[in-house]
Amino acid sequence: AIIGFGKIARSEHLPAIMDNPAFRLAAVVSPSGAEDAGVPVFASLAELLAAMPGGIDAVSLCTPPKVRHAIAAEAIAAGLAVLLEKPPAATLGELDDLTARAQAAGTCLYAAWHSQHAPAVAPAAALLAGESVTRLAIDWREDVRKWHPGQDWIWEPDGFGVLDTGVNALSIASAILPEPLFVREAELFVPADRQAPIAARLRFSGGADMAAWFDWREQGDEAWRITLETASGRRIALEDGGARLTVDGIARPLGPIAEYPAIYACFADLVPARAVAVDSQPMRILADAALIARRITVAAHP
Ligand code: NAP
C-alpha cells in the first residue's frame, strides 16, 4: 500500500510499482481520499489493516516527514516491510528508533534516497574512491512553486523548507565522497512570514572551497549541480541532479535517469531478506547544520 497519496506518490511511486512485477498495489491510505488510485482507499493504516487483514506485505510512506514515525512504527509492529520516502523521518532520533524497531521485529526497513540512484552517482563514487577532495561546490536551486505547489507543510518548523530539497544533494554528496562531511557553519534564510528556510548556505570542514548553496527562489530551470576537484587535479561535475557527469570537462556516457524504478528494484531485494537499509548520513548532515545555523530573516514568501 502507498500511504500518503500526494505529488510524489502519484508521479513516481505509482508508476514504479506498476512497472515492477515484484509488487502489486493493493490499497492506498489518504485522509482526503484518492479517487484516481484504482484500489481501495482508507483514511488510516489502522483502518486498512482492519479491513484487509493479511492483505498487504509492504507499505511505501509518502507523507510529509512529521507523521512518518508514528505510521512507520505502526507498520513495523504489524510486521510490514516499510519504504520511507526522503527525508525518512522528522528527526534523527525518530529515524534511530525506527531502525531499532525494525531490527528488533525482524522486518524490512528501507530509507530510500532517490537522488542516490541518479546515473552519475555510482561512477562518481568510483572515481572519487581513494581521492582527496580539495573543492566541493553544491549549487542546488529550484522554484518552490513548481516543485511544491500549494504545500503548506513544507513551511512548518518540521517541514524542512529548502532543506527538503537540499538533502537530495547531501544524499548524493555523502554517497560519492570518500570521507564524511562535517558542517562548520550554516546560514538559514527564513522568510519573515514562514518558519522554514527558503535558502541555506552550508560550509563544510576542509577549507573555504567546501560549501553548499540551496535556494528555492530560482525562477527559470532548476540548477542541481555538484562540482568537485581532487588533490590529484581531477575535476568532476554532476549536473541535472546526477543525470549528467563530466570528468575533466569531458561528458561520460550514462544510462537514462530511472531513480524510482531503481528504488523499487532495491526494495524487491530487501523485503524477502527482511533487511534494514538505512543511510542516516544525509539526515545527520542536515541535523548538524540546523544545530549550529545562524538564522537570517528575508522577504516574506506570499
Ligand atoms: P504532498 O503532495 O503534500 O503529498 C503528501 C501527501 O501525504 C498528501 O496527499 C497528504 O494528504 C498525505 N498525508 C498527510 N498526512 C497523512 C497521514 N497522516 N496519513 C496518510 N497520508 C497523509 O507532498 P509530496 O511532494 O508528495 O512530498 C511527500 C514526501 O515526498 C516528502 O517527504 C518529500 O520530501 C518527498 N519528495 C517530494 C518530491 C517532490 O518533487 N515534490 C520529490 C521527491 C520526494 P492530505 O492532502 O490529505 O493532507
Side-chain angles (χ1 to χ4, degrees), residues 1-17 25 27-37 39-49 56 59-75 78 80 82-91 94-95 98 110-118 140-172 196-197 200 214 216 218 221-222 224 240-243 257-264 267 282-283 286:
I2 295 177
I3 303 183
F5 204 62
K7 182 175 188 293
I8 202 64
R10 286 184 166 89
S11 65
E12 298 288 352
H13 289 262
L14 189 59
I17 290 169
L25 186 67
V28 158
V29 174
S30 179
S32 57
E35 296 73 27
D36 54 332
V39 292
V41 179
F42 299 93
S44 68
L45 176 59
E47 284 187 22
L48 185 164
L49 293 172
I56 57 169
V59 288
S60 293
L61 265 58
C62 304
T63 66
K66 71 174 177 185
V67 294
R68 294 260 180 78
H69 176 262
I71 300 172
E74 187 182 353
L80 302 174
V82 177
L83 185 159
L84 301 169
E85 242 301 351
K86 51 76 26 175
T91 65
E94 288 184 351
L95 186 57
L98 292 179
Y110 176 33
W113 296 102
H114 66 87
S115 292
Q116 290 185 343
H117 296 281
W140 219 257
R141 288 172 282 130
E142 65 183 39
D143 183 350
V144 64
R145 291 188 172 90
K146 173 177 173 184
W147 290 95
H148 296 281
Q151 294 178 1
D152 288 333
W153 62 264
I154 209 137
W155 296 107
E156 296 298 322
D158 48 14
F160 290 68
V162 75
L163 300 178
D164 175 274
T165 304
V167 78
N168 295 334
L170 297 174
S171 75
I172 294 179
F214 310 134
W216 258 350
E218 190 68 20
D221 289 340
E222 36 286 330
W224 294 328
D240 298 342
I257 196 141
E259 295 175 358
Y260 283 81
I263 283 175
Y264 278 92
F267 198 36
M283 277 288 284
L286 272 197

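In each ligand, atom 1 is the first atom listed, and ligand 1 is the first ligand listed. Heads up: numbering here begins at 1 and tracks the sequence.
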**Study point:** For D152, side-chain hydrogen bond (donor to acceptor under 3.5 Å, both in side chains) partners two or more places apart
**Key:** none
**Study point:** Numbered atoms and elements of ligand 1 in range of Y260, under 4.0 angstrom, heavy atoms
**Key:** 43 (C), 44 (C)
Revision key, fill the gap. Residues at least two apart in sequence or cross-chain that pass side-chain hydrogen bond (donor to acceptor under 3.5 Å, both in side chains) with W155, listed by chain then number, are none
Point to revise | Taking atom 30 (O) of ligand 1 as the reference point, the nearest protein heavy atom with its distance | key: I8 CG2, 3.2 Å
Review point. Is there a nitrogen or oxygen of D164 sitting under 3.5 Å from a nitrogen or oxygen of ligand 1?
Key: yes
Study note, to complete from the structure: Distance col, row L14:CG vs D36:CG, nearest 0.5 angstrom, shows 8.0 Å
Study note, to complete from the structure: Of all protein heavy atoms, the one nearest atom 45 (P) of ligand 1 is S32 OG, 3.6 Å
Review point. Are the side chains of D240 and I257 in touch, meaning some heavy atoms are under 4.5 Å apart?
Key: no
Check your understanding: For atom 25 (O) of ligand 1, which protein heavy atom lies nearest, and how many Å away is it?
Key -> Q151 NE2, 2.8 Å
Check your understanding: Are W224 and W147 close enough that their ring centers fall under 6.0 Å?
Key -> yes
Review point. For atom 11 (O) of ligand 1, which of G33, S11, P31 has the closest heavy atom?
Key: P31
Review point. Which residue and non-hydrogen atom of the protein lie closest to atom 35 (C) of ligand 1, and at what distance in Å?
Key: K86 O, 3.4 Å
Review point. How far is atom 4 (O) of ligand 1 from its nearest protein heavy atom, and which residue and atom name does that atom have?
Key: G6 CA, 3.3 Å
Review point. Is it true that F160 lies under 4.0 Å from ligand 1, counting heavy atoms only?
Key: no
Check your understanding: In ligand 1, which numbered atoms sit nearer than 4.0 Å to a non-hydrogen atom of P87?
Key -> 32 (O), 34 (O)
Exercise for review: Considering the heavy atoms of H148, write down every atom of ligand 1 situated less than 4.0 Å from one of them.
Suggested key: 41 (N)
Point to revise | Atom pair CD (E259) and NE2 (H114), whose distance is rounded to the nearest 0.5 Å | key: 6.0 Å
Exercise for review: Using atom types as modelled and distance alone, determine if a side-chain donor or acceptor of R68 lies under 3.5 Å from a backbone N or O of T63.
Suggested key: yes
Practice item. Assign the ring pair H148 / W216 to parallel, tilted or perpendicular, where the plane angle (0 to 90°) is split at 30° and 60°. Key: tilted
Exercise for review: Output the list of atoms in ligand 1 that are nearer than 4.0 Å to some heavy atom of G4, sorted by atom number.
Suggested key: 7 (O), 12 (C), 20 (C), 21 (N)
Practice item. For ligand 1, indicate whether the residue K7 contacts it via side chain, backbone, both or neither (heavy-atom separation under 4.0 Å). Key: both
Check your understanding: Do you see a protein non-hydrogen atom under 4.0 Å from atom 43 (C) of ligand 1?
Key -> yes
Review point. Does a donor on one side chain sit under 3.5 Å from an acceptor on the other, for S60 and Y264?
Key: yes
Review point. Can you find a non-hydrogen atom of R68 under 4.0 Å from ligand 1?
Key: yes
Check your understanding: Backbone, side chain, both or neither: what part of C62 comes under 4.0 angstrom of ligand 1, heavy atoms only?
Key -> backbone
Check your understanding: Nearest protein heavy-atom contact for atom 41 (N) of ligand 1: which residue, which atom, what distance?
Key -> W147 O, 3.2 Å
Exercise for review: Could you check if a side-chain atom of L80 sits within less than 4.5 angstrom of a side-chain atom of L49, using non-hydrogen atoms only?
Suggested key: yes
**Study point:** For atom 7 (O) of ligand 1, closest protein heavy-atom neighbour
**Key:** P64 CD, 3.4 Å
Check your understanding: If we only count heavy atoms from C-beta on, is the L98 to H69 side-chain gap below 4.5 Å?
Key -> yes
Exercise for review: Could you see which bit of H114 sits under 4.0 Å from ligand 1, with heavy atoms only: side chain, backbone, both or neither?
Suggested key: side chain
Check your understanding: Counting distance only, does the side-chain N/O of K86 pair as donor-acceptor with the main-chain N or O of T165 below 3.5 Å?
Key -> no
Revision key, fill the gap. One finds that the ligand 1 atoms under 4.0 Å from a non-hydrogen atom of P65 are 32 (O)
Exercise for review: Kindly say whether S171 contributes a backbone atom to a donor-acceptor pair with the side chain of Q116 at under 3.5 angstrom?
Suggested key: yes
Practice item. Give yes if a backbone or side-chain nitrogen or oxygen of I3 is under 3.5 Å from a nitrogen or oxygen of ligand 1, and no if not. Key: no
Review point. At a 4.0 Å threshold, what atoms of ligand 1 neighbour a non-hydrogen atom of F5?
Key: 9 (O)
Review point. Who's the nearest protein heavy-atom neighbour of atom 3 (O) of ligand 1, and how far?
Key: W153 NE1, 2.9 Å
Review point. Any side-chain heavy-atom pair from L95 and L84 closer than 4.5 angstrom?
Key: yes
Point to revise | Minimum non-hydrogen distance to atom 19 (N) of ligand 1, winning option of L163, V167, I71, V67 | key: I71
**Study point:** Exercise: do H13 and E85 side chains pair donor with acceptor under 3.5 Å
**Key:** yes
Exercise for review: Report the part of F42 (side chain from C-beta onward, or backbone N, CA, C, O) that has a heavy atom under 4.0 Å from ligand 1; answer both or neither where that applies.
Suggested key: neither
